[in-house]
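Hydrogens, waters and symmetry mates are skipped; everything else that's a heavy atom, side chains included, is used. In what follows, every chain begins at residue 1, and chains take the letters A, B, ... in the order their sequences are listed.
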Number of protein chains: 2
Amino acid sequence: MTDSNPNAALTAPSIPGDALPPVEQHAQQYATVRNAHETELIEDYVELIGDLLAHRGEARAADIANRMAVSQATVSKMIRRLNELELVTSKPYRSLFLTEAGQKMAETSRARHDIVLHFLRALGVKDATARIDAEGMEHHVSDETLAIMQRFTEQQQNN
Amino acid sequence: MTDSNPNAALTAPSIPGDALPPVEQHAQQYATVRNAHETELIEDYVELIGDLLAHRGEARAADIANRMAVSQATVSKMIRRLNELELVTSKPYRSLFLTEAGQKMAETSRARHDIVLHFLRALGVKDATARIDAEGMEHHVSDETLAIMQRFTEQQQNN
DNA sequence: CAAACAGTTTAGCCTTGGCTAACAATATTG
DNA sequence: CAATATTGTTAGCCAAGGCTAAACTGTTTG
């Protein structure tokens with residue numbers, strides 16, 4: 001049986017909105033998610049490093065490890081990758097700093113994160129839950145949706 | 001410098017909502033996301049298999065590979081895992097079927113997915129974008145937020 | 001200023017989720 | 001019904017992101 005199965009209309013309930021999307025569109029959805037997964041950990045690190053620099057003045061591997069609940073070895077390995085990607089600069093046994101590209105990424109991630117977090121709170125989600133959800137959702141929200149979330153939050157605040 | 005750095009208040013802008021969360025809470029956020037990542041691919045497969053069974057009457061590895069834009073070898077390997085997890089039953093060269101546990105998971109995933117998708121549309125997001133975002137977001141939305149999304153969608157529809 | 005402690009790195013292991021290539025089974029059709 | 005096309009499986013590769021244990025560097029302090 002193929003995707004052009006002529007019996008589909010017989011076996012499936014004919015509710016257009018709930019039908020399977022066309023193969024190409026469906027494949028696109030999954031591919032987009034897989035793609036997001038490749039960058040999201042990188043973005044989380046860069047975002048956290050930016051936050052630590054802003055709030056603490058320095059970003060140490062041990063802090064990152066504690067905040068991410070991950071071993072220091074894992075952080076060390078990841079920092080090597082961030083170095084190769086030219087997102088951070090680091091001297092052994094010293095605090096990290098962001099390159100220009102890293103700063104740009106940190107700002108963008110931080111902005112996305114905040115929009116999603118504020119949106120969830122405006123929706124009425126409890127703070128602790130909103131923080132957890134925002135952390136997971138932020139990498140999967142398109143620019144279009146992000147803009148709508150921001151508008152929604154602003155409207156809520158003007159009431 | 002540690003997380004109990006007494007100078008934090010000096011270097012950080014004192015906007016409570018934008019301060020770094022306490023380490024334990026922060027760590028919890030990341031751990032929750034990592035955890036979601038472990039199950040989400042499994043859920044995507046099970047959900048898709050359920051959809052194929054519902055709409056087509058059968059779920060073939062080739063269909064899954066096409067819809068996920070992934071090689072047949074990858075699907076084959078994944079099916080072995082789903083078998084081990086007792087979520088599907090399969091005979092070589094035959095259609096897949098869901099076990100009871102698999103059906104339960106498929107229904108839950110499908111329901112979450114639909115709530116998120118309908119919510120995004122109710123918010124005003126274009127259909128194609130909503131589908132992509134929903135696919136990525138569904139695994140990161142808590143029950144609390146999900147309930148709020150559902151209520152929001154219903155209210156929109158009654159206007 | 002040497003010893004002890006805290007922080008960092010390296011080595012080496014594991015699992016997951018991709019891939020291609022080669023082979024096996026089933027289905028279709030001339 | 002044999003040849004061909006489609007579908008499924010297996011083997012073996014790779015990168016990412018975890019881990020522990022051990023070695024090394026830097027800092028603090030008796």
Figure out the CD1/C1' separation between A:Ile42 and D:dG18, and round it to whole Å. 15 Å
A:Val75 near the nucleic acid: base, sugar-phosphate alone, or nothing, with a heavy-atom cut-off under 4.0 Å? nothing
Side-chain N or O of B:Thr74 closer than 4.0 Å to phosphate OP1/OP2 of C:dG17: no
B:His37 NE2 to D:dG18 P, in whole Å, measures 10 Å
Here the distance between atom P of C:dG17 and atom CD of B:Glu40, to the nearest Å, is 10 Å
Sequence neighbours excluded, which residues qualify as side-chain hydrogen bond (donor to acceptor under 3.5 Å, both in side chains) partners of A:Glu47? A:Arg110, A:His113
How many whole angstroms separate atom CG of A:Asp44 from atom P of D:dA16? 17 Å
Are B:Arg131 and B:Asp127 within salt-bridge range, i.e. N to O under 4.0 Å? yes
Output the rounded distance in Å from CD (A:Glu38) to C1' (D:dC14). 13 Å
Can a salt bridge be assigned to the pair A:Arg112 and A:Asp143 using a cut-off of 4.0 Å between side-chain N and carboxylate O? yes
Using the side-chain contact (heavy atoms from CB on, under 4.5 Å) rule, take A:Tyr45 and A:Met68 through it: C-alpha gap first, then chi angles, then the decisive distance, then the call. CA-CA 9 Å; A:Tyr45 269 86; A:Met68 291 213 167; 3.8 Å; yes
Value in whole Å for how far the P atom of D:dG17 lies from CZ of B:Arg34: 12 Å
B:Asn83 to B:Ser90 - nearest heavy-atom pair and separation: ND2-OG, 2.6 Å
Roughly, in whole Å, what's the span from CD in A:Glu58 to C1' in D:dG26? 13 Å
A:Arg60 side chain N/O closer than 4.0 Å to the phosphate oxygens (OP1, OP2) of C:dT8? yes
What integer distance in Å separates A:Met68:CE from D:dA16:P? 17 Å
Quick one: list whatever passes ring-ring contact (aromatic ring centres under 6.0 Å, His included) with A:Phe152, sequence neighbours left out. A:Phe119, B:Phe152
Listed nucleotide nearest any side-chain atom of B:Ala73, set C:dG18, C:dC19, C:dT10: C:dC19
Side-chain H-bond candidate by donor/acceptor type, B:Thr99 with B:Glu86, under 3.5 Å: no
Output the residues of residues 76-98 of chain A in contact with DNA chain D, where contact means a heavy atom of the residue under 4.0 Å from an atom of the strand; sort by number or write none. A:Lys77, A:Met78, A:Arg81, A:Tyr93, A:Arg94
The side chain of B:Ala62 lies closest to which of these nucleotides: C:dG18, C:dT20, D:dT7? D:dT7
